[in-house]
Amino acid sequence: YAWDANEEYLFKAMVSFAMRRYSSKSTTQISNVLLCNVTDRVSFWFVVTDPKNVTTVPGSEVEAAIRMSRNRINSAFLLSDKTLQFLKITSTLSPPVEPSTPVWLIVFGVVLCLIVAGIVFLIIAGIRQHKKKNKDSTERENLEEKGEASVTAENGIPCETLDLKAGHINGVFAADDERFTSL
């Protein structure tokens with residue numbers, strides 16, 4: 001956009017706003033901000049005069065005031081710290097965020113926790129399996145001491161239901177006389 005008298009007025013107003021906000025007792029007016037050596041490329045320098053006397057405000061105070069209100073000045077002109085530069089005033093870009101703990105330490109902690117959890121799981125599973133084996137063996141010993149036969153299973157069918165002394169007739173096969181059926 002074009003830099004004209006209205007834009008200059010807005011800039012002066014923003015600088016006077018920054019000065020008033022920086023020093024609450026200050027009564028800086030727009031007329032106290034003087035622009036000098038304005039060029040077509042919107043390059044200039046400015047001074048702020050003290051309203052009570054004709055002296056200029058120290059540069060350190062002006063820098064502090066602009067640094068404090070930099071975001072408001074940028075917003076007024078729809079610019080950023082990269083496009084609106086104040087010489088001798090550092091930009092207000094925040095430094096890159098560095099975590100308090102290094103990333104490698106976080107990854108190491110997660111991997112270590114997973115390994116410890118796996119070891120604990122294997123230990124607990126081993127203890128349970130050992131207890132289960134001990135329980136099964138003690139039950140077998142108790143049955144043998146009582147004189148009871150252990151129940152064996154063939155193909156998932158308990159064998160105790162078969163009477164091995166009397167024999168067993170398989171009903172699937174037909175009797176000899178019924179081998180041939182008439183048609």
Side-chain angles (χ1 to χ4, degrees), residues 1 10-11 14-15 17-26 59-183:
Y1 54 85
L10 179 60
F11 180 77
M14 291 307 299
V15 171
F17 166 79
M19 291 302 295
R20 284 178 174 228
R21 190 163 185 204
Y22 176 72
S23 175
S24 58
K25 60 185 176 187
S26 176
S60 60
E61 287 184 30
V62 175
E63 287 177 19
I66 288 178
R67 197 172 289 122
M68 190 173 106
S69 298
R70 179 85 181 246
N71 60 346
R72 295 286 294 264
I73 295 170
N74 286 344
S75 298
F77 291 102
L78 302 175
L79 299 173
S80 67
D81 282 339
K82 293 180 181 178
T83 54
L84 180 62
Q85 296 180 2
F86 291 93
L87 299 178
K88 297 183 182 178
I89 299 176
T90 57
S91 64
T92 56
L93 294 175
S94 60
V97 178
E98 294 181 16
S100 59
T101 57
V103 175
W104 69 267
L105 188 60
I106 295 170
V107 172
F108 176 76
V110 169
V111 170
L112 186 65
C113 287
L114 289 174
I115 290 172
V116 168
I119 290 171
V120 168
F121 173 75
L122 289 175
I123 290 173
I124 291 174
I127 291 171
R128 284 185 180 172
Q129 188 176 15
H130 185 68
K131 284 183 179 180
K132 185 177 179 181
K133 281 184 180 180
N134 285 343
K135 185 178 180 182
D136 289 344
S137 65
T138 55
E139 285 179 3
R140 284 185 193 156
E141 289 174 4
N142 290 340
L143 287 176
E144 288 176 2
E145 288 175 3
K146 291 180 181 177
E148 296 177 9
S150 62
V151 177
T152 58
E154 292 282 336
N155 296 330
I157 301 171
C159 294
E160 67 182 10
T161 58
L162 298 176
D163 185 14
L164 297 176
K165 293 181 184 173
H168 184 69
I169 299 173
N170 191 349
V172 174
F173 295 107
D176 288 339
D177 56 340
E178 295 179 8
R179 250 185 359 195
F180 301 109
T181 56
S182 57
L183 292 175

When rounded to the nearest 0.5 Å, the distance separating CZ of Arg70 from CE of Met14 is 12.0 Å
Value for CG (Leu105) from OG (Ser100), rounded to nearest 0.5 Å, stands at 9.5 Å
Identify the heavy atoms of Arg21 and Arg72 that sit nearest to each other, and give their distance.
NH1-NH1, 4.0 Å
CD1 of Ile106 to CH2 of Trp104: how many Å apart, nearest 0.5 Å?
10.5 Å
Which residue, Gln129, His130, Lys131, forms the side-chain contact (heavy atoms from CB on, under 4.5 Å) with Ile127?
Lys131
Reported CZ-to-CD1 distance for the pair Arg67 and Ile73, which is rounded to 0.5 angstrom:
11.5 Å
Quick check for you: to the nearest 0.5 Å, what is the distance between Tyr22 atom OH and Ile66 atom CD1?
12.0 Å
